[in-house]
Every structure is written in structure tokens, then in C-alpha cells.
2 protein chains.
Amino acid sequence: MADLELAVSTVILALLPGSCPTAVNAASPAGPTGERPADALRLHLPLVRRTREPFAERWALPGGWVTPDERLSSAARRTLEETTGLRPSYLEQLYTFGAPRRSPTGRVVSVVYTALVRAPEAADVEVGENVRWAPADALAETVGDLAFDHAEIVDYALWRLRTKVSYAAIAQHLLGELFTLAELRHVHEAVLGKPLDPANFRRTAVASGSVEATEHVQTGAAHRPARLYRAVLPPGGAAGGYPPWQSRPELG
Amino acid sequence: MADLELAVSTVILALLPGSCPTAVNAASPAGPTGERPADALRLHLPLVRRTREPFAERWALPGGWVTPDERLSSAARRTLEETTGLRPSYLEQLYTFGAPRRSPTGRVVSVVYTALVRAPEAADVEVGENVRWAPADALAETVGDLAFDHAEIVDYALWRLRTKVSYAAIAQHLLGELFTLAELRHVHEAVLGKPLDPANFRRTAVASGSVEATEHVQTGAAHRPARLYRAVLPPGGAAGGYPPWQSRPELG
DNA sequence: GCTGTTAGTGTCACGCCCACCTGAAGTTGG
DNA sequence: CCAACTTCAGGTGGGCGTGACACTAACAGC
């Protein structure tokens, strides 16, 4: 039990246009028919530049050590805000990585969380010298090799998000309180990496009961105004792909 | 980081008839039409009686401490065999529980694994004074309150197994190498708690590609002999509900 | 007012899953 | 040896969800 340290790390994702951290509304959304424009919405995640060995100067997931009196999810929230200033709208435990040689300096077991953050909130965070938004699907090209096994962790988090977004209503946490169905569809398209049929997406989204229409409509666009929708929480209990005690998926 | 200890626990399940640990073949299987006979197959899990405080004399999940040089999954296997003598045919990380007051003696973070074991092997293990098989769906009635938060953990493991057995081919790990489709269906019925149509189960099981027919047939039964099937491993990669690096789901 | 663009609705076809039915192939009991 | 029984194995029709696509609605810009 000696020489064993417990850390938390977080893969936190936001939907940002292209490659620069500006608001989501500034982006021209991807055309529904196919190829992705240069300014399409893409999943981004903040990385932190390491200042100390091991892996000094390399980019890593935000994280830190667990203190004795806080929950694991609280440690994830705290270290995330300390290193990036972000407060997630969704937080879920992903996996615990504990291979003996993950870190060259000793045994480190990392409880990894996946988090989502709304895009405008993400854009408000100033990107300093040591924090950087990187597109999730091209990490190696933009920031090189990540520290530790963090590239593997990101791959797993993206795989889980892709599989989960098709059966659980979590994509809404990447948007604001009110959103159009087109925006929600763009989120799914960015996560899944393929275009979706607007009519069919509308049907399944409404029929699933995960969103409800509001009185408001979106104005100012050069087309028929879109109705704004609101996320509807699972009605207490095991809805939404969680066990009863995890309807808010952050226990433990 | 001081005063924080890392443990592993395992929810290991086997399919035993009724309430006594005898071989699976000795059981008269549940009728396909509805109500469960007294000797139907039920999910059981081994519990270990605690000999020390806290929770002395109470029943708990098998587990132990992580040593500095072993993987988390290895620690789960090792502590499971040390306390129960069982070697699982399937092992998968379930969740990491780390609430500050889980243990009254200090902060303990437990990486919990779910495991499956074949029934005849389970029956071979002698049940001593301090190990006991208990039916998974009636723990409170048979062994009373479990130690720590282990009842909650078992509930979560069962919920995950139920949801996962419908899309991943894992029920086979509760049977031997060769099995009839009726036996595999009985496993699904025991996990899901409801009867399944034999004809439809056959079609979906064969069509999914998770089992393949062999030349052998089962003899000795008072009816037409059933063909024996073999589990077919997912063909390398992301089949079976796992990410690429987790096609054998025990990394970390 | 015309046009372009996107929101939203309706319709049809295909495929999957489920309930049910029919025949086949063994064993048991007289 | 023969009848009865039980389960395997395969087939069929209907319901439902999803994908593809056509059509109408509403607003901005010129």
C-alpha cells in the first residue's frame, strides 16, 4: 500500500467551431448533406502543459491528487477547475487506469472522469500559456504525443461517448438551456462523425421524450424560425441509461 | 494522499440451481412457459465472512489490497482466488467507489470488478465456514445486511449485467465450453428474470454470430437431442461492446 | 414581390423482432 | 413393438422503429 498514489483525471469535451475557441453560435453549421466545412463544429478538449518531470513540456489531461475528505467526483471537479477554470455541466466516471508502469516515477492509479461543458462557457475561459483547446479527433497532429497513457484514455472516452450518445440523452449538456433541434443534431453529428437525416432525427429525439418544445423560437435567421427545445430530465429512477442510484451520474 | 488505501473487490456470479451449490446439470431447467420452479437456475455470488472489525461477522464481497507491482485486474484475480478459490472465466472493471465515509476506519477507495465463473467449477469449491454462496436476488433475506456499501455495489453489478447481456455476448462465460442453446437461454432467463421464446432466442443467438454449431449433440435426455454450440470470440477489434484495446476486457 | 434557405411534416419501404404454428427426432412406458 | 410425450428446429405473418425522400412553411435579402 505504500508507494501508491491515487489521482483523478478528466476528459472534458466541448463543441467548438474549427480550431479556435470562439462561441458556438459564430460557426456556420455543417451542411446536412455530407462533407464537413472548415468551420464545422468539432469536439475539443482542454489540455494542460506539464511543467515538471515526468513528461515536462508535454500536454496532459487536467487532473490532480485526491484529498482524504472529498469524494472522487468532487476531486475531479476541483482539479478540473483549478487547472482549467471550467465547471462541467455533466460528469461521469469513465474508468480507473492502474497499470504498474503508467508513470515512470512510481505507481499511480488514476480514476478518470468524462465531462461535458457548454460551448459558450468554454469560450469564456481564457486560454493561457499552459492550457490549450485541441480537437479531439486530431490530437497527435496538433499537440503531439500526450503525457503518460493519456492518448489511450482519450480514445476510450471518445469511444464511450460515441456509443453512449446513441442511447442516453447526454448530448444536451454540450448546449445551453434552450436549443434548436438542428443544434442538437449538429452535436450528434460532431460526436458520431457522420451526417444525420434532419427529419428522422427530429422524430426520434421528440419520441424519446428527452427534449420538450418551448414557446420560444429562434429569430434572425434567414429562414423559417426554429422552435427552441429544453432538455427534460429523466423522471427519477433508472431512465437514461443509469442505475437508480446514479440518475445523477456522479456518485462515488 | 496519506491515509488513503486502495482496495479491489469482485462481484463474481455463477449460475447455481436453487440455493445449494451443486452442478448446473443436476438442475431441472425452468419451464419455458412462465413461472419459475423451485429448482430453477439462479444467479449466486460467493460472500466472505469478515473476521475483523469493522463489520466483523458480517458478509462481504471478496477482495483485498492492491500491491505496488500488480495490475488492478491481477489484484482482483489474486484476492478472489485467495479468499474463495475461484478463477473467473470473465473479468471486467465495474466502477470505483470512493466516498469518504465508506469505511468507518478510514478512507478506502475500492476498484470493483464484475466476474463470471462456470457453474461446475463453482460447485467444486468447498464452502467453508467463512465462504458462502448466496442468491443474488435475495441477499438480504439469506445473509442479512452486507458489510460496507457492498449491497449497493451488488445492485449496480446486477444492473450492469442485465443491461449488458442484451447486447454483448457474455452469458456464455457462465457455461462450459460446449452448451445447448436451451442452456444459454436459461442463462439469459436467469439474468433477465423473465422467460424467453425458444425459437426467437435461437434465431437471434445464431444470427448474432456469437455462437457456432458443433458436430456434437446432447444425448440421454428424454426428448430429441439438442445440438451443442461453442462460443465464438469476437474477431479481433471492437466487436462485442468493447473498445479496441479492451477486446479482452481486463486491461488497466 | 421574388428567391433562396432552412424548419418542420408526411409518406413509403425495408428490416428486425416477436408471437404463434407445424413438423422432426429422440426417449419413456406399457 | 407401438403409442405418447417432450423438446428441437424451422417457418410465417404482423407490428414497430428506422432510413430515404418529397413536400409545405416561414423568414431574410435583394
Side-chain angles (χ1 to χ4, degrees), chain A residues 24-25 27-34 37 39-41 163 165-169 175 178-189 192-230, chain B residues 25 27-34 37 39-41 165-167 169 175 178-189 192 194-230:
Chain A
V24 57
N25 294 331
S28 64
T33 55
D39 249 8
L41 296 177
T163 59
V165 81
S166 60
Y167 70 88
L175 297 170
L178 297 180
F179 49 85
T180 68
L181 289 184
E183 290 171 341
L184 184 61
R185 176 169 49 85
H186 292 146
V187 176
H188 280 78
E189 288 173 339
L192 298 177
K194 64 179 181 183
L196 300 173
D197 183 84
N200 298 327
F201 181 82
R202 158 181 311 277
R203 239 189 335 191
T204 57
V206 173
S208 73
S210 61
V211 295
E212 68 177 3
T214 67
E215 301 298 320
H216 309 87
V217 291
Q218 190 186 45
T219 60
H223 52 78
R224 173 176 175 177
R227 185 167 296 276
L228 293 175
Y229 286 75
R230 179 190 298 119
Chain B
N25 295 332
S28 63
T33 55
D39 247 10
L41 296 177
V165 80
S166 60
Y167 70 88
L175 298 170
L178 296 179
F179 49 86
T180 68
L181 288 185
E183 290 172 341
L184 185 62
R185 178 169 48 85
H186 291 326
V187 176
H188 280 78
E189 288 173 340
L192 298 177
K194 64 178 181 183
L196 301 173
D197 183 83
N200 297 327
F201 180 81
R202 157 181 313 279
R203 240 198 325 238
T204 56
V206 173
S208 73
S210 60
V211 296
E212 67 177 2
T214 67
E215 301 298 320
H216 309 86
V217 292
Q218 189 186 45
T219 61
H223 52 76
R224 172 177 175 176
R227 184 168 296 278
L228 292 175
Y229 286 76
R230 179 190 298 118

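This structure is a prediction, so every number in the text was calculated from the model and none was measured. Chain letters run A, B, ... following the sequence lines, proteins first, then strands; residues in each count from 1. Hydrogens, waters and symmetry mates play no part in the numbers below; they use all other heavy atoms, side chains included.
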Rounded to whole Å, the CG-P distance (A/L196 to C/dT6) equals 17 Å
Requested in this report: Determine, step by step, whether A/L181 and A/R185 satisfy the side chain to side chain contact (heavy atoms under 4.5 Å, CB included) criterion, reporting the C-alpha distance in whole Å, the side-chain angles of both residues, the deciding distance to 0.1 Å, and the verdict.
Outcome: CA-CA 6 Å; A/L181 289 184; A/R185 176 169 49 85; over 6 Å; no
Does a donor on one side chain sit under 3.5 Å from an acceptor on the other, for B/H186 and B/E183?
no
Shortest non-hydrogen pair, A/H216 vs A/L178, comes out as ND1-CD1, 4.2 Å
Rounded to whole Å, the CG-C1' distance (B/L192 to C/dC17) equals 15 Å
Per the under-4.0 Å heavy-atom filter, residues of residues 213-230 of chain A near DNA chain C come out as A/A222, A/H223, A/R224, A/P225, A/A226, A/R227
B/Y167 OH to C/dC16 P, in whole Å, measures 21 Å
*asked:* Between A/V187 and A/V165, is there a side-chain heavy-atom distance shorter than 4.5 Å?
replied: no
So, with a heavy-atom separation below 4.0 Å from DNA chain D, the residues of residues 200-212 of chain B are B/R202, B/R203
On a heavy-atom basis, the closest approach of A/L228 and A/T214 is O-OG1, 2.6 Å
Whole-Å distance, B/D197 CG to C/dC16 C1', equals 15 Å
Check: Under 3.5 Å, is there a donor-acceptor pair between the side chain of B/Q218 and the main chain of B/A226?
Finding: no
Between A/H188 and A/L196 the two heavy atoms that sit nearest each other are CB-CD1, 3.6 Å
dist A/R202:CZ -> A/L184:CG (nearest 0.5 Å) comes out at 11.0 Å
